[in-house]
Every structure is written in C-alpha cells, then in structure tokens.
Colleague: 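Take a look at the following structure, please.
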Amino acid sequence: MIPTHWFLILSAILFTIGVCGVLTRKNGITIFMCIELMVNAVNLTFVAYARQFHQIHGLLFVFFVMAIAAAEAAVGLAIFISLFHHRHTIDVDEANLMRW
Amino acid sequence: MFEYVIFFFFAAVAVIFALVVITNRNPVVGALSLVVSFFALAVMYVLLEAPFLAALQVIVYAGAIMVLFLFVIMLLNLQHQEEPRTRPVQQFLGYTSSAAFGLALIYYLAKFGVTKLPEGPFVSDARMVGIKMFEAYIFPFEMVSILLLAAIVGALLLSGRAGVAKDEETT
C-alpha cells in the first residue's frame with residue numbers, strides 16, 4: 001500500500017504546473033486547460049485523504065467538483081467562442097472590456 | 001513493490017504530459033496531452049481504492065470535458081494562429097513565483113503531512129457512494145443539477161449568434 005504523502009506530493013506538483021501555466025500563457029483555451037489541471041490535482045488530494053481517514057465524504061466532494069468543472073468548462077468555452085466572434089482572437093490580453 | 005512501480009510510472013506520465021500542456025504552443029497537442037494526464041490520474045484513483053471515481057474520471061473528464069475543449073479548438077480553427085510571446089518580465093515572475101509556491105507546498109507537505117499508513121481496506125464502490133450521496137448529500141446533488149441547467153442556458157445564450165446578428169443590423 002502506497003503512503004498517502006506520495007499522492008499529496010504528486011498533487012502538489014500537478015497544481016504547481018497548473019499555476020505556472022495560468023501565469024505564463026496567453027492563449028485563453030490553454031489557460032482553461034491549466035485550470036482543469038489544478039482542479040484534478042485537488043481531486044487527487046480529496047481521494048488520498050478519503051482513503052487515509054476512511055471517509056467516503058471526500059469521494060462525494062470529488063463528484064461535485066467534477067460536475068462544477070463541467071459547468072465551468074461549458075460556460076467558459078462559450079465565452080471564448082463569443083470573444084472569438086467579436087475579436088477574431090482568444091488572446092486574453094485582448095479581452096479588456098466587459099461589453100462591446 | 002509492484003504497486004510502487006505502477007505509481008511512479010503513471011506519476012511520471014501525469015507530470016510529463018502536464019508539462020507538455022503548458023509548454024506546447026499548439027492547443028490541440030495540449031488538449032490531447034491533458035487527456036493522457038487525466039488517464040494517468042484515473043490509474044492513481046484505482047491505486048487509492050476508488051475504482052468508481054476512476055471510471056468517472058475517464059468518462060466525464062477524458063470523455064466529455066476534453067471532447068468539449070477539442071470541439072471548441074477545432075471550431076475556432078486555432079491551430080494556425082500564432083500565440084504572441086509572453087513578455088520576459090511576466091514570464092520570469094510567473095515561473096519564479098509558481099516555483100516558489102510549489103516548493104513551499106512540497107516543503108509543508110513533507111513536514112506536516114500524514115506519514116502513517118491507513119489501516120484496513122477502504123470500501124468505496126458505486127454502492128457505498130450512491131448510498132451516501134442519496135442520504136446525506138441529496139440537497140447538494142439537486143443543487144448541482146440546477147447549476148448544470150443554468151450552465152446549459154448560459155452557454156447557449158453566450159455562444160449563440162444573436163449578438164453578432166444585432167451588430168450586423170446596426171452597421
């Protein structure tokens with residue numbers, strides 16, 4: 001049986017990669033994928049602690065996080081489609097107005 | 001021993017393909033490597049004795065959400081668009097601050113993390129998850145369904161061509 005802290009360290013590495021992507025990239029869709037990466041890292045932490053403390057609540061939280069990530073991806077991608085129709089780019093530096 | 005081999009192999013796969021996501025300039029390559037990373041995370045869930053969540057990870061994340069991403073990338077035809085370079089100062093600040101954040105995270109995990117093994121097997125199949133969800137978490141479950149409905153309506157409203165048609169009328 002693998003100790004829990006290995007999973008926590010893997011989750012920390014994945015979360016850091018996600019943070020790095022959000023901070024350094026300009027392509028909106030890539031930033032979104034990095035957010036998904038961070039969400040998955042947090043899910044891994046939830047599952048690792050659920051096994052550590054024998055609590056099934058952690059798994060249910062992962063279920064809810066997945067549902068909310070799906071909702072967020074749908075709305076966010078719709079916003080990028082709308083931005084692309086108006087500006088013909090998804091560079092997040094170009095999106096500096098709330099309405100146009 | 002065999003478990004450790006599987007763990008380190010798939011951990012390496014997850015990290016390497018996550019790095020491809022943030023370094024590659026082509027969003028299609030990024031989305032496909034993110035799918036591989038999610039598959040590696042599903043293997044992690046199997047190692048953590050949560051096979052139901054592993055199936056959910058493959059179906060919902062690798063199946064549904066990433067297909068949505070790929071659809072949007074291909075719909076907008078982004079493969080040929082040059083991504084402008086990040087300014088050097090921003091890039092430097094981004095890399096250093098995220099590296100500092102990650103090092104601090106790993107330091108505190110190594111210092112204060114739980115090191116003792118959990119005792120006994122952990123039963124977390126679909127039956128246990130379902131019983132808990134529909135007894136203790138029925139209200140959040142219904143809330144999530146309303147949230148998903150709101151997300152559908154919002155996505156349709158935002159991505160529809162209504163705004164574009166109005167612009168063409170006025171100009």
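Fair warning: this is a prediction, and the values are worked out from it, not measured in the lab.
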Colleague: Which residue out of A:V19, A:V22, A:L44 racks up the most heavy-atom pairs below 4.5 Å with chain B?
Modeller: A:L44
Colleague: Within this structure, what is the CD-CZ distance for the pair A:E36 and B:F38, rounded to the nearest 0.5 Å?
Modeller: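 Nearest 0.5 Å value for the CD-CZ distance: 5.5 Å.
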Colleague: Count the heavy-atom pairs under 4.5 Å between each of A:L8, A:T4, A:I68, A:I9 and chain B, then report the option with the highest count.
Modeller: A:L8
Colleague: Less than 4.5 Å apart, side chain to side chain, heavy atoms only: is that true for A:L23 and B:F101?
Modeller: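 Result no, sub-4.5 Å side-chain heavy-atom pair not found.
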Colleague: Hey, what's the ring geometry for A:F61 with B:Y137, parallel, tilted or perpendicular (30° and 60° as the breaks)?
Modeller: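 Aromatic pair A:F61/B:Y137 classed perpendicular.
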Colleague: Can you name the closest pair of heavy atoms from A:R25 and B:V21 and give their distance?
Modeller: NH1-O, 3.6 Å
Colleague: How far apart are the closest heavy atoms of A:M66 and B:L53, and which atoms are they?
Modeller: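 Heavy-atom minimum between the residues: CE-O, 4.3 Å.
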Colleague: With no hydrogens and no angle check, just 3.5 Å: does a side-chain donor-acceptor pair link B:Q57 and A:N40?
Modeller: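 Result is yes, a qualifying pair exists.
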Colleague: How long is the straight-line distance from OG of B:S37 back to CD1 of A:I17, given to the nearest 0.5 Å?
Modeller: 8.0 Å
Colleague: State yes or no: are the ring centers of B:F8 and A:W6 separated by less than 6.0 Å?
Modeller: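 Between A:W6 and B:F8, which both carry aromatic rings, the centre distance is below 6.0 Å.
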Colleague: Supply the atom-to-atom distance A:S82 OG to B:L158 CG, rounded to the nearest 0.5 angstrom.
Modeller: 6.0 Å
Colleague: Picking from A:N27, A:I29, A:I90, what satisfies side-chain contact (heavy atoms from CB on, under 4.5 Å) with B:I73?
Modeller: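 For B:I73, the side-chain contact (heavy atoms from CB on, under 4.5 Å) test succeeds with only one of A:N27, A:I29, A:I90, which is A:I29.
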Colleague: Do any N or O atoms from the side chain of B:E3 and from the backbone of A:M1 form a donor-acceptor pair under 3.5 angstrom?
Modeller: yes
Colleague: Nearest 0.5 angstrom please: B:M128 CE to A:I56 CD1, how far?
Modeller: 4.5 Å
Colleague: For side-chain contact (heavy atoms from CB on, under 4.5 Å), just list the numbers for B:F71 and A:L77, CA-CA rounded to whole Å, side-chain angles, deciding distance to a tenth of an Å, and then say yes or no.
Modeller: CA-CA 10 Å; B:F71 260 20; A:L77 290 172; over 6 Å; no
